[in-house]
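See structure below.
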Amino acid sequence: MSNVVTRFAPSPTGFMHVGSLRTALFAWLYARKHGGRFILRIEDTDKAREVEGSIPHIIESLKWLGIEWDEGVDKGGPHAPYLQSERLELYRSYAQKLLASGYAYPDPYSEAELEGFRKQADDEKRPFLFRNHRPSLIDAWDGTKPLRFKAPRIARYEWNDLVRGPLSAGEEAIDDFILIKSDGYPTYNFAHIVDDIEMEVTYIMRGEEFISSTPKFLSLYEALGITPPAIATLPVILGEAGTKKLGKRDGAKDILDYRADGYLPEAMMNFLALIGWNPGTEQEFFSKAELINAFELERIQISGGQFDEDKLLSVNQHWMRQLTDEDYISRGSLSAPDLEKLKKIVPMLKERAHTFNEAKEMLTGELSCVFSEPTLDPKELVAKEPQDRPGLTKQALETLLEALKSLPEGLSADEVKVALMPLADAEEAIGKGGRGAVLWPLRYALSGQVKSPDPFTLVSILGPEESIPRVQKAIEFL
RNA sequence: GGCCCUAUCGUCUAACGGCUAGGACGGCGCCCUUUCACGGCGUAAAUCGGGGUUCGAUUCCCCGUAGGGUCACCA
């Protein structure tokens with residue numbers, strides 16, 4: 001059994017977007033690749049920012065994508081509970097430990113006093129550091145004041161990042177941050193470290209916004225006398241504009257909106273994995289199993305990557321095409337007045353649609369002619385009639401009508417083509433554009449659309465039975 | 001502003017210090033074709049700038065420049 005333990009630890013402050021999901025994906029991939037464990041922990045230590053319904057939403061998003069966890073909220077496990085708000089006793093006991101060893105002290109200042117210190121530092125154009133204001137007399141901690149960490153070592157910190165290699169920060173990155181807030185909840189800085197220790201997490205994967213605070217975490221581990229886990233910094237995902245980190249405020253979409261828009265989770269996973277990681281080969285499409293197999297920390301990108309919806313569309317189309325026709329209909333929740341005909345046109349949908357929403361639009365739009373008789377515009381019907389051959393359209397349709405009458409049921413599009421194409425070719429031989437003068441009216445008579453599948457396919461799907469009346473109706477216009 | 005990080009086609013990216021800097025998405029063109037879509041073929045398109053080190057730099061070092069992150073009783 002491997003000792004790899006990774007986690008995803010979101011705060012329940014709203015929906016999941018592609019940025020947070022990608023972080024979860026990489027942590028999960030790494031655990032799976034190495035036969036380790038993956039934990040889902042919820043960091044709900046800020047009750048003011050908490051958004052109702054976030055936790056089920058997070059769970060649903062992860063499950064949709066196909067990420068499953070070995071321990072976590074909703075599932076339990078050896079380190080339960082997995083909700084930080086239910087672990088307050090644990091944080092308090094760690095706080096007592098730090099207090100006892102002299103690495104914590106209650107913050108004696110009022111908010112106004114603190115504000116004064118900040119302003120003073122600002123006026124003097126130097127960074128504000130709380131550790132410059134450590135009180136000389138340390139009161140007992142009664143829980144009403146915030147508890148601060150007393151950094152054991154004011155020094156330059158250097159560490160190794162699994163993705164970026166050696167990183168470092170000067171001593172101004174070290175400060176006496178708050179461990180326990182005055183409301184009794186721990187801060188993120190404190191709680192996540194306690195939990196990672198208690199849950200035996202061995203690899204931490206997170207976004208680059210945490211690089212600057214890493215020295216703080218390291219000094220806390222130091223005060224606790226514990227070796228920190230390995231850290232891998234993931235590149236950010238940028239919004240379409242390409243400058244800012246993708247976030248909720250700049251229009252990042254809820255991941256479940258992609259589900260609603262008819263994207264496949266396997267496509268989303270494939271696409272997300274390739275932002276900020278690549279296998280070093282020219283392979284572009286990866287199933288879940290292939291991703292797990294190919295995933296390597298060493299091949300994670302350093303610089304941020306932009307989210308390109310066009311590429312997602314193309315990846316999605318690829319995975320939609322991999323589906324069997326039955327799966328295509330069921331996973332796309334496709335419906336139509338005639339199920340048998342729907343089954344027949346799935347290949348056409350696969351050819352055209354990039355998402356299931358597009359497929360649905362086609363069923364009620366350009367492909368609706370398959371299910372119901374179109375209304376015709378006589379002008380469009382003769383759109384391809386050569387100027388010098390008036391009446392050709394009518395003549396062609398009448399010829400086609402006879403041919404259709406002798407056509408057996410159940411022919412494939414190719415077979416229909418073999419039967420009807422010679423009629424078009426005969427006209428083509430007479431004058432140029434003659435083929436179009438025959439096939440366009442046929443296609444239009446059957447579809448009522450300027451853009452549609454070819455007439456042979458339409459005849460094959462509709463059968464002579466439905467095709468004949470449509471052609472007759474068209475002839476009546478002429 | 002302090003500290004930190006980053007930099008290859010428009011985008012995602014490949015390239016032990018060594019070929020005409022490769023692929024994918026998108027673009028454009030041609031072919032296929034009655035239309036649309038699909039497909040096939042082709043094409044344009046990049047190493048941020050300046051110095052070093054080296055026989056040789058996209059790659060290593062320094063300086064600029066640009067972008068980003070972070071400096072909370074948020075996570």
Side-chain angles (χ1 to χ4, degrees), chain A residues 9-13 20 43-46 48-49 84 107 111 114 118 121-122 125-130 145-148 156 161 164 167-173 175 177-189 191-192 206-216 233 235-236 238 240 242-245 271 274-285 299 301-315 317 321 347-353 362 366 380 383-384 424 428 433-444 447 449-455:
Chain A
S11 61
T13 52
S20 37
E43 312 216 319
D44 60 336
T45 55
D46 185 354
R49 288 210 315 155
Q84 286 187 328
D107 180 342
E111 272 185 56
L114 244 180
R118 272 211 183 85
D122 201 50
K125 290 199 194 307
R126 50 185 179 77
F128 168 73
L129 288 168
F130 191 92
K145 288 284 191 181
L147 186 71
R148 280 193 186 262
R156 180 166 200 86
D161 187 281
R164 297 185 180 224
L167 293 178
S168 66
E171 56 185 47
E172 52 289 311
D175 200 12
F177 59 88
I178 289 178
L179 301 169
I180 309 267
K181 298 180 271 187
S182 54
D183 66 0
Y185 282 89
T187 58
Y188 161 78
N189 295 325
H192 93 275
R206 61 178 170 211
E208 67 178 66
E209 64 269 29
F210 291 100
I211 292 180
S212 335
S213 39
T214 300
K216 289 192 177 82
T233 296
V236 289
L238 275 21
E240 301 262 16
T243 49
K244 270 183 300 180
K245 186 182 86 160
F271 172 70
L274 267 329
I275 304 180
W277 172 84
N278 75 83
T281 65
E282 288 185 350
Q283 185 175 352
E284 298 281 345
F285 299 113
R299 298 209 63 96
Q301 210 71 235
I302 295 173
S303 53
Q306 207 170 307
F307 183 89
D308 180 6
E309 194 115 15
D310 277 340
K311 192 140 186 174
L312 172 59
L313 240 24
S314 135
V315 174
Q317 184 171 47
R321 285 174 173 174
M348 255 186 281
L349 292 170
K350 279 184 175 171
E351 194 174 291
R352 287 155 189 264
M362 285 169 192
E366 62 187 274
E380 288 294 347
K384 301 279 163 153
E428 180 74 4
R435 188 186 277 180
V438 175
L439 295 177
W440 173 276
L442 175 60
R443 192 186 60 74
Y444 185 75
S447 70
Q449 304 277 340
V450 177
K451 300 173 183 179
S452 82
D454 67 86

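Quick caveat: nothing in here was measured; it's all calculated off a predicted structure. Letters A, B, ... are given to chains in the order of the sequence lines, protein chains preceding strands, and every chain is numbered from 1. Note that these values count all heavy atoms, side chains included, but never hydrogens, waters or copies made by symmetry.
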Answer yes or no: does a side-chain N or O of [X] lie under 4.0 Å from OP1 or OP2 of [N]?
| X | N | value |
| --- | --- | --- |
| A/Q301 | B/A14 | yes |
| A/R299 | B/A15 | yes |
| A/N278 | B/U13 | no |
| A/K181 | B/C74 | yes |
| A/T45 | B/A75 | yes |
| A/K311 | B/G10 | no |
| A/R164 | B/C4 | no |

Spacing of [X] atom [atom1] relative to [N] atom [atom2], expressed in whole Å:
| X | N | atom1 | atom2 | answer |
| --- | --- | --- | --- | --- |
| A/W277 | B/A14 | CH2 | P | 11 Å |
| A/N189 | B/A75 | CG | P | 8 Å |
| A/L313 | B/C12 | CG | C1' | 15 Å |
| A/F177 | B/U70 | CZ | C1' | 15 Å |
| A/E172 | B/U70 | CD | P | 17 Å |

Identity of whatever pairs with [N] - Watson-Crick or G-U, under 3.5 angstrom:
| N | result |
| --- | --- |
| B/A57 | none |
| B/A37 | none |
| B/G1 | B/C71 |
| B/U20 | none |
| B/U65 | B/A7 |
| B/A45 | none |

Nearest 0.5 Å, please: how far is [atom2] in [Y] from [atom1] in [X]?
| X | Y | atom1 | atom2 | value |
| --- | --- | --- | --- | --- |
| A/T45 | A/D183 | OG1 | CG | 8.5 Å |
| A/T187 | A/L179 | OG1 | CG | 6.0 Å |
| A/S314 | A/E284 | OG | CD | 8.5 Å |

State whether the side chain of [X] and the backbone N or O of [Y] hold a donor-acceptor pair below 3.5 Å, judged by distance alone.
| X | Y | result |
| --- | --- | --- |
| A/R443 | A/V450 | yes |
| A/K384 | A/L439 | no |
| A/T13 | A/R49 | no |
| A/R435 | A/A424 | no |
| A/R299 | A/N278 | yes |

Classify [X] by what it touches in the nucleic acid, base, sugar-phosphate, or nothing, heavy-atom distance under 4.0 Å.
| X | answer |
| --- | --- |
| A/R156 | sugar-phosphate |
| A/G276 | sugar-phosphate |
| A/S182 | base |
| A/S168 | sugar-phosphate |
| A/Y185 | nothing |
| A/I180 | nothing |
| A/E208 | sugar-phosphate |

Check nucleotides 30-33 of chain B for protein N or O atoms closer than 3.5 Å to its own N or O atoms and list the pairs.
none

_Closest-nucleotide ordering on RNA chain B, the 5'-leading residue of A/E209 and A/S303_ = A/S303

*Starting at the 5' end of RNA chain B, which residue's closest nucleotide do you reach first, A/K145 or A/P127?*
A/P127

*Take the angle between the ring planes of A/Y188 and A/F210 and call it parallel below 30°, perpendicular above 60°, tilted in between.*
tilted

*Residue pair A/F130 / A/F177, side-chain heavy-atom distance below 4.5 Å*: no

_Contacts of type salt bridge (charged side-chain N to carboxylate O under 4.0 Å, His left out), residue A/R148, not counting sequence neighbours_ = A/D107

*How would nucleotides 35-46 of chain B be written as a contact map, 5' to 3', with B for base contact, S for sugar-phosphate-only contact and - for no contact, using protein heavy atoms under 4.0 Å?*
BBBSS-------

*Quick one: do A/K311 and A/D308 make a salt bridge, cutoff under 4.0 Å?*
no

Measure from the side chain of [X], starting at C-beta and using heavy atoms only, and say which of [options] lies closest.
| X | options | answer |
| --- | --- | --- |
| A/S212 | B/C25, B/G69, B/U6 | B/G69 |
| A/D308 | B/G10, B/C73, B/G23 | B/G10 |
| A/Q306 | B/A75, B/C25, B/U11 | B/U11 |
| A/R118 | B/C73, B/A75, B/A24 | B/C73 |

